[in-house]
Amino acid sequence: MNQLRSQSSPYLLQHAENPVNWFPWCEEAFDAAAALDRPIFLSIGYSTCHWCHVMAHESFENKEIADILNKYFISIKVDREERPDIDSVYMSVCQAFTGSGGWPMSIFMTAGQKPFFAGTYFPPVSGRGMIGFQELLLTIAKQWAQKRGRLLAFADQILSALNANSSVSTRATQPASDLLQKAADIFFESFDAVHGGFGSAPKFPLPHNLLFLLLYARIFNNSQAKQQALLTLKQMRRGGIFDQIGFGFSRYSTDDHFLVPHFEKMLYDNALLILAYTAAYHACGDSFYLNTAIDTADYIFREMTGENGEFFSAQDADSEGKEGTYYTWDYDEICHILGSEKGQAFCAHFGITKHGNFEGRNIPNLLHPDALACTDAFEAERKRLYEHRKSRTHLHLDDKVLTAWNTLMICALSALYRVSGLQRFLAAAQKAQSFLDTHLSDGTHLYVSCRGTTRSSYGFLDDYACQTAALISLYEVSGNASYLERSQSVCREAITQFADDKGGYFLYGTKNAPLITRPKETYDGALPSGNSIMAWCLVRLSQLTHTDFFEQAAEKQLAFLSGEAGHYPAGHSMFLIALLYSMYPPEKITVVLSEDQTSIQLLPQLPFYADVTFLEQETDAYRLLDGKTTYYVCKDHSCLPPIHEIPSW
């Protein structure tokens, strides 16, 4: 019988009614494979994955294919978001087999978890140069029965190669300043000066790359880095990758000018983009960027937030069996809803035509020149279309709460509060942290996710690293020392569970069940790696606490990642941000408040790249001058005379 009905993962529950006799990842499944002498088919995906839906409909709901799976295989389903460790191990296998990776991921392996064949999506029947899933299953079943020795030998070779690769320890071979310059040059050379972004289609937002460029620009006064980041962020906001009707960013752009997105919306993308737009606003003062960050946060509050302040994981791209239907419009449809005159004006402003810009329909956008000066126009009409759109078939919401992604959102909201001064963003960040404290932690031990009252497995490196970063961010904007204390406890626990004596941190730790290999991820993909976030956390804790423990841990981690990043530093942007913080520490500003001013009033006006402490009462070292708010600034290992004006840098 299908054993997914008792699971809490929305992805696994999507397959609970399949005729395939699915198991979750569990000892029972491996015991069954051994007892029945069958290979295992492992399918990895997530609930808002378009091609996962396609393969599920074509193959896993197909009785004939299901019968083959049930007769010759033990089938296991894994939600990659709940089990990033399994996903990482077998993604490396898939990339070795195919030269690329993706989801759904299809792995064939032994009862001992050793893989011997891998791929991603397979159509149900062979054609157009692709083997069909049914033919593949029968071929592997025949090979298992008749030439198993070859498969087992191949599995051993793959495992040996994976273990050999994971045991390689790299050391820094070039100065840190060279890594920074080399990364910037790579971005400069690949920049699309017309459409923004880097390289060609598909274009992913990768906000951590933009955050690196903005910080690099600030520290080195580099206008090229600043303008490339700003143009990219501006074009994304104007394109179809940004939902012009309901706000929020889609996963990535399928074209080179950010018009046609892959329509699913992920919490982590939007959290990191809020950070990037917030930093952009502080870099240039243009409210366009701040408003984009606020609009994106409001989308999250409206559509992806639970009643207790927790943030949900993702919204699907598909509705009515097709990707993008929910988000696209007909010209006549808009004119009917808004009336002819307003409808025609709205369509002209948002690039909507009778022939369409996406499969005969329209993705609203502001990419055409006439729309550049008035992005906030037609607000009433936009709201009417948003309300109308809600009457369409609802998008699937993955309502599990992931620790790592929630903590990224806490970081984003803390930064947004810092530059906007809007108390509601700090309140939302603190409420989300309270939810995590209650539902996803036991003291310093974290869990990956929860849905309702059901928690999944013990947390992985990314959960601990991101939680540490969130607590640091909350401390920076609230001044509440309890956040700093807890960040240290969580970070110390991460070191205990995940540290490798040779350098760096493993993805899964001593409280997690072991797999066939133990990944140590350092490359920043769609999300920054846990190792790079740990680097930032260790640097910041060393600067905020001035303790030898964190200073030494930070030095060790920066040295390790310097070696890892040497071959392609542009793929390690979050580490480079940590490196910049280490080499060029933020200035320290102590503000003694007069009776008529508050920290909420002043925080948005202070430098974004600074450690700020507010004092409501004078001390022996910090006193008011002439009864007015006074700023004590230390920078570059020296302190300036106290001043009454906010520092300008």
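Owing to the predicted nature of the structure, the values given are computational and were not obtained by experimental measurement.
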- prompt: Taking only residues two or more places apart in sequence, or in another chain, which ones meet Tyr11 in a ring-ring contact (aromatic ring centres under 6.0 Å, His included)?
  reply: His15
message: Which residue is it: Tyr458, Tyr447, Tyr505, Phe498? I am looking for the one with a ring pair (Phe, Tyr, Trp, His ring centres under 6.0 Å) to Tyr464.
response: Phe498
query: So is Arg251 actually on top of Phe263's ring, under 6.0 Å and inside 45° of the axis?
result: no
task: Of all the heavy-atom pairs spanning Ser457 and Glu82, show the shortest one and how long it is.
output: OG-O, 4.1 Å
query: Do Leu272 and Leu527 touch side chain to side chain, with heavy atoms closer than 4.5 Å?
result: yes
Evaluation steps, side-chain hydrogen bond (donor to acceptor under 3.5 Å, both in side chains), between Tyr299 and Gln315: CA-CA 12 Å; Tyr299 152 73; Gln315 278 183 322; 2.7 Å; yes
query: Any chance the side chains of Thr403 and Asp463 put a donor and an acceptor closer than 3.5 Å?
result: no
message: Under a 3.5 Å threshold, yes or no: a donor from one side chain and an acceptor from the other, between Ser43 and Lys77?
response: yes
task: May I ask you to test the Tyr281-Asp286 pair for a side-chain heavy-atom distance under 4.5 Å?
output: no
task: State which residue, out of Phe506, Phe575, Phe560, Tyr523, fulfils the side chain to side chain contact (heavy atoms under 4.5 Å, CB included) condition with Asn531.
output: Phe560
- request: Determine whether the aromatic ring centres of Phe249 and Tyr277 lie less than 6.0 Å apart.
  value: yes
- prompt: Rounded to the nearest 0.5 Å, what separation is found between the NZ atom of Lys226 and the CZ atom of Arg218?
  reply: 11.0 Å
- prompt: Which atom pair, heavy atoms only, marks the closest approach of Ala610 to Pro607?
  reply: CB-O, 3.6 Å
task: Rounded to the nearest 0.5 Å, what's the gap from CG on Asp85 to CD on Glu521? Could you check?
output: 9.5 Å
query: Does any non-hydrogen side-chain atom of Asp399 lie less than 4.5 Å from one of Ser313?
result: no
task: Establish, from distance only, whether the side-chain atoms of Asp316 and Thr48 form a donor-acceptor pair under 3.5 Å.
output: no
- prompt: Does a salt bridge link Arg424 with Asp298, judged by any charged N lying under 4.0 Å from a carboxylate O?
  reply: yes
statement: When every non-hydrogen atom of Pro261 is compared with those of Ser250, the smallest separation belongs to CB-CB, 3.6 Å
- prompt: Hey, are Asp524 and Ser573 close enough side-chain-wise for a donor-acceptor pair under 3.5 Å?
  reply: no
query: What distance do Cys284 atom SG and Leu290 atom CG have between them, rounded to the nearest 0.5 Å?
result: 10.0 Å
- request: Return yes if some donor-acceptor pair links the side-chain N/O of Asn512 with the main-chain N/O of Gly509 below 3.5 Å, else return no.
  value: yes
Residues in side chain to side chain contact (heavy atoms under 4.5 Å, CB included) contact with Leu206, at least two apart in sequence or another chain: Phe204, His208, Asn209
message: So, using side-chain hydrogen bond (donor to acceptor under 3.5 Å, both in side chains) as the criterion, who are the partners of Tyr46 when residues are at least two apart?
response: Glu264
task: Evaluate the side-chain contact (heavy atoms from CB on, under 4.5 Å) criterion for residues Asp398 and Met304: first the C-alpha distance (whole Å), next the side-chain angles of each, then the deciding distance (0.1 Å), finally the verdict.
output: CA-CA 9 Å; Asp398 187 322; Met304 293 183 66; over 6 Å; no
Basic-acidic side-chain contact under 4.0 Å: Glu303, Lys265: no
task: Give the minimum heavy-atom separation between Ile363 and Gly240, together with the two atoms involved.
output: CG2-CA, 3.7 Å
message: Could you check whether any side-chain heavy atom of Leu273 comes within less than 4.5 Å of a side-chain heavy atom of Phe242, counting everything from C-beta outward?
response: no
Nearest-0.5 Å distance, CZ of residue Phe212 to CG of residue Leu580: 6.0 Å
message: Measuring only between side-chain heavy atoms, which start at C-beta, is Tyr581 closer than 4.5 Å to Leu215?
response: yes
- request: Please check if any side-chain donor atom of Glu310 sits under 3.5 Å from a side-chain acceptor atom of His439, or the reverse.
  value: no
Salt bridge flag under 4.0 Å for residues Lys203 and Asp255: no
field: Spatial distance of atom CD1 (Ile86) from atom CG (Asp79) [nearest 0.5 Å]
entry: 10.0 Å
task: Please identify each residue that fulfils ring-ring contact (aromatic ring centres under 6.0 Å, His included) with His257, with sequence neighbours left out.
output: His195
query: Which atom pair, heavy atoms only, marks the closest approach of Gly196 to Phe191?
result: CA-CE1, 4.1 Å
field: Within 45° cone of Phe312 ring axis and under 6.0 Å: Lys400 NZ or CZ
entry: no
message: By the ring-ring contact (aromatic ring centres under 6.0 Å, His included) test, which pairs, at least two apart or in different chains, include something from residues 382-413?
response: Tyr268-Trp405
task: Report yes or no: is the cationic atom of Lys390 (NZ for Lys, CZ for Arg) closer than 6.0 Å to the six-membered ring centre of Tyr326, at no more than 45° off its axis?
output: no
field: Gln244 and Tyr327 side chains, donor-acceptor separation under 3.5 Å
entry: no
query: Does a salt bridge link Arg451 with Glu81, judged by any charged N lying under 4.0 Å from a carboxylate O?
result: no
message: As a test of understanding, state which of Thr407, Asp462, Leu440, Asn406 forms a side chain to side chain contact (heavy atoms under 4.5 Å, CB included) with Gln467.
response: Thr407
message: Would Arg238 and Phe258 count as a cation-pi pair here, with the cationic atom under 6.0 angstrom from the ring centre and within 45° of the axis?
response: no
- prompt: Is there side-chain contact between Phe425 and Val419, with heavy atoms separated by less than 4.5 Å?
  reply: no
statement: Residue set satisfying ring-ring contact (aromatic ring centres under 6.0 Å, His included) with Tyr475, at least two apart, ordered chain then number -> none
message: Closer than 4.0 angstrom, basic N to acidic O: yes or no for Arg486 and Asp437?
response: yes
task: Could you tell me whether the side chains of Ser456 and Ser449 share a donor-acceptor contact shorter than 3.5 Å?
output: yes
task: Measure across Ala429 and Ile410 and return the closest heavy-atom pair with its distance rounded to 0.1 Å.
output: O-CG1, 3.8 Å
- request: Using modelled atom types only, decide if a donor and an acceptor are shared between the side chain of Ser532 and the backbone of Ser529 within a distance under 3.5 Å.
  value: yes
